[in-house]
Structure formats: C-alpha cells, structure tokens
Protein chains: 2
Amino acid sequence: MRSSPAAFGRDDGGVVTTEGSAARWQRRGEQARSFATQDAFLDAAEALFGEHGVEQTSVTDVAARAQRSIGSLYHHFENKQTLVTAVVDRITGDLEDSIDRVVDPASWRDHTIAELVRRYLTTSLELSRDRPGYKRITVEVSLMDPTTRETYRRLRRRLDRGLAALLLERRSEIGHPDPETATKFVADQLTAMLAARLDPELSPTLLSRSSNAAFVDEVVASVSAYLRLR
Amino acid sequence: MRSSPAAFGRDDGGVVTTEGSAARWQRRGEQARSFATQDAFLDAAEALFGEHGVEQTSVTDVAARAQRSIGSLYHHFENKQTLVTAVVDRITGDLEDSIDRVVDPASWRDHTIAELVRRYLTTSLELSRDRPGYKRITVEVSLMDPTTRETYRRLRRRLDRGLAALLLERRSEIGHPDPETATKFVADQLTAMLAARLDPELSPTLLSRSSNAAFVDEVVASVSAYLRLR
DNA sequence: ATTATCTATAGATCTATAGATAATGC
DNA sequence: ATTATCTATAGATCTATAGATAATGC
C-alpha cells in the first residue's frame, strides 16, 4: 500500500492547507507536476463524460486520453466516483461564477426590462456554447447522485430568484396586476425556453433553425406582452 | 446452441407472421406463456430502468424482478440492447397514440385558442403522471442511441407541428402581425414550459410549488397576451 | 416435436491495488 | 526522503451461452 491521503480531494491539494491549526506544506515542483496531471485527468474526463456519458466511460479510457497510466489516476483520485465529483465540482464552480455575474444588480443598472431580458438571453446562449457537454454531465450525475442533484437545484434557484428580483426592481414598468407572481413566472419561462433551445435532447424544435437573434426577439416580445410593459 | 430466431423481435412474436410469403404459425398455449413472460420482462425492465437508469440495471436485476431466470430472458431477447429497444418501442407506441389524439383537429372543433391551450396543458400534465420514469428512459436511451434520438425528435416535431397547425386554424383570433411565426413560437413555448415542469431534473422552479391550475392560468395569460387574442 | 425455462458458468469488461521505477527538491 | 508514475494483475461485475429439464399441444 502506498496510500497518500494528502493527495486526495481538492481541498488537500492547495499550496498550503490548514488541518486543525497545523499548516501543511507541499514542494513547489511536485505540486506543479501534480496539478498539471490532475488537470489533464479532469480535462480528459470532462471531454469523455460529455461525449459518451459517465457510465460509458471507463477509467482506462480517461487515463488513455490524458496520456497517463491508470496507476497515476488512482494516485490522484481515490476512485472513479471521486474523479466524477471533481469534474462536477469544477463545472459547478464555473457555473456559480457565471450566475453571480449574471444576477448582479450593479451590472444591470439603468437597463429596462426588455434590455435586461435580451442581454440575459444573449449572454446565456453564448455561455452554454463555450462548455459543450456540461449539460449532459450534470444531468447524468444528478440522476445518480442526490447531492449533485440538490446542488444544481440550488444553483438554478439562485439564478431564477436573482432574475425575478432584477425584474421586480423594475416594477414601475410592469402593468401586470400581480407583479410578484408575474416576475417569478417570467424567470421560470426564460429558464425553460433556454433549456429547450440548448438541450440537445429537446431541440430541434420548430424555431430551432431560426437564428438566435430571431428567437431572442420573440421571447422579448412575449415577455413584454405578458408583463404589459409600459 | 438453441437459438430460435422466431422468438426475437416484436414483429416476429405475433400469432401469424409472414416472412417472404410464407406464413408462420405458433401454438396458442406457448404463445400465451411467451407473451406473459415477455410482458413480465418488459414491465420489470421499464420499472428498473426508470428508477435506476438503463446502464445501472443489469439483466440479472431484470430477471430477478420479473421472477424468471436469465436463461429465459435470453430466450426471448437476443441481448440487452434488444430488451432496451423493446422497452423503448412500447413507450414510443403509447406516446404516438397520445400525440395523435392530442393533435386531432376533430377533437378540438369549436374551441377557442385559450380553451385549446388550457386543455392541452391539462391533458399533458395528467398524461405524464401516469407513466413515471418514461422521461428518464427515453432521455438516457436517446443519449446512447441515435436512432432512438431521431424517433423522439420526430415525435416531438409531430406534436409541435400539430399544435401549431391547430393554432393557425384559428388565425382570425390572432392579432400578432406574423401568425405563422407566432404559432410556431407558442408551440415551442408550451413544449418547453411543460418539459420544465415535468422534468424532475429541471423542477422545482420558482412556481413549481404553485398548483397546476395556477401554472396553467399564467401560461394561458402569457400566450393570450403574446398572440394578442381578440 | 417444439417451445419455454432453469442452473451453472465461460468470457469479457472494468475498477482498484501492489510493487517497482522515475522524478523532484531538500 | 518524498512524491509521481508506470506495468501487471487480482477481484468483482456483468453479459451471454451451453446443456439439461419442464411444459405444451399436435
């Protein structure tokens, strides 16, 4: 046995980690090599998981794509589940950052609801294109793992709520008799429309061949009519 | 080897099958036993696939749940893939029937757009509750198998088109300047909203705790406003 | 005579480990 | 001295088959 538990888990891999009050230290060179290898495994895993699915991808496949050995993989990741979790965590972190940026009120100051909705849709469409396969991975892992499912529910909720709040801040624009309900509905609707357009499973729909611009135009028109924007 | 190819595939299991021009015949009693067993395997597989996923379910699990042996399973189904296909085909057939009923113009005669949308949503919500797990199975199999993916795309397209056609028939109600595009957009929107509400992965959204009736009301209001119904 | 079912197991993966060898920085 | 990597393989599944036994209807 050559277990080196310090190498397992993302939190233990940092330059300096504190466990209790004792700071642990890792050599610079080894660390750099470690991180490069871990990234190679994560990149390989994310690509293969996104392409063929998590279940369909063996750890051997991942090692081969990362151009490392299985032994090395198991030196860095306790088991396959740990590798999957690490891939998901990396995606989750990136998504969290994006969501925080999207729902930050400061970045939307002086925008009308129509402008806000338009830019939200445009941004989301661009964002999802940069990360092919992330949807597939999160959906598959969520099906298997309740914790991941809960994490993504929370993320979606945060996005929906942030969006609804941004809309409600502009309540003076809204002619709908019940702005509270209406803004929630619109947030749900935008999420649903985006999911349908981006999910390779749901698309192509009738309008999927139309340009993103045309799609965005119609969604904005629909939201404007429903909210009775002044 | 005890291969009896006549037992493989759904089409070969009927009372009388024609291969070329020769009609083949199967005994009544054996046939009844066969069908009961095949149904037991299909029921067991659909339940397990829906609960734990196709990949996560072994043929041993299916045989155990069907209370038959593995040998018997392989007598009726050439391999696991054939079993999966049979399960999917059964679901597909049922969905096709539902879709045909839903988009049949005769059943919607004398309904306004608002009534049509309302009843379409209500029907769809009820329908999906009767078949738990079907969503998960079709999504997972579609990811693995391009043919199945294509089949479901065609089904969704048929539903969307049928719905858009029903709306366009009532073009006199529509105040939107471009009824062609608008009806397609609404069909897409309804599909997306239903998917979001029914997909265990996407829900819960902000309004998922609200009643189905409230959800339907808001969707109808949104569609009415967007189409500018007279 | 034919079809359906069972038990037992071969053969193919796939995950994970052991133990040896190489690289790194004190 | 410690960490990273490799090769080889043990052990656990899981799919699929072989061959024997039971049921069915001519």
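Quick note on labels: first sequence line is chain A, next is B, and so on, each numbered from 1.
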Rounding to a whole Å, what distance do you find between [X]:[atom1] and [N]:[atom2]?
X     : N      : atom1 : atom2 : answer
A/H76 : C/dA16 : NE2   : P     : 16 Å
B/L73 : D/dT17 : CG    : C1'   : 13 Å
A/F41 : C/dA16 : CZ    : C1'   : 14 Å
B/H75 : D/dA23 : NE2   : P     : 15 Å
A/Q38 : D/dT3  : CD    : C1'   : 12 Å

Check side chain to side chain contact (heavy atoms under 4.5 Å, CB included) between A/D100 and all other residues, then give those that pass, not counting sequence neighbours.
A/R158
Once side chain to side chain donor-acceptor pair (under 3.5 Å) is applied, do any residues pair with [X], and if so which ones, sequence neighbours excluded?
X      : answer
A/E218 : B/Y226
A/S107 : none
A/T92  : A/Y152
A/T151 : none

Listing time: all N or O pairs from protein to nucleotides 13-15 of chain C that are below 3.5 Å?
unit_1, atom_1, unit_2, atom_2, d
C/dT15, OP1, A/K80, NZ, 3.1
C/dT15, OP2, A/V59, N, 2.9

For A/Y120, which residues count as a ring-ring contact (aromatic ring centres under 6.0 Å, His included) partner, sequence neighbours excluded?
none
Can you list, pair by pair, the side-chain donor-acceptor contacts under 3.5 Å of residues 62-71 of chain A, counting residues two or more places apart and other chains?
unit_1, atom_1, unit_2, atom_2, d
A/R68, NE, A/A66, O, 3.3
A/R68, NH1, A/T37, OG1, 2.7
A/S69, OG, A/S72, N, 3.1

Extract the stems that DNA chain C is part of, considering only consecutive pairing runs of at least three Watson-Crick or G-U wobble pairs, both distances under 3.5 Å.
C:1-24 with D:1-24
Is the B/H76 ring parallel, tilted or perpendicular to the B/F41 ring (thresholds 30°, 60°)?
tilted
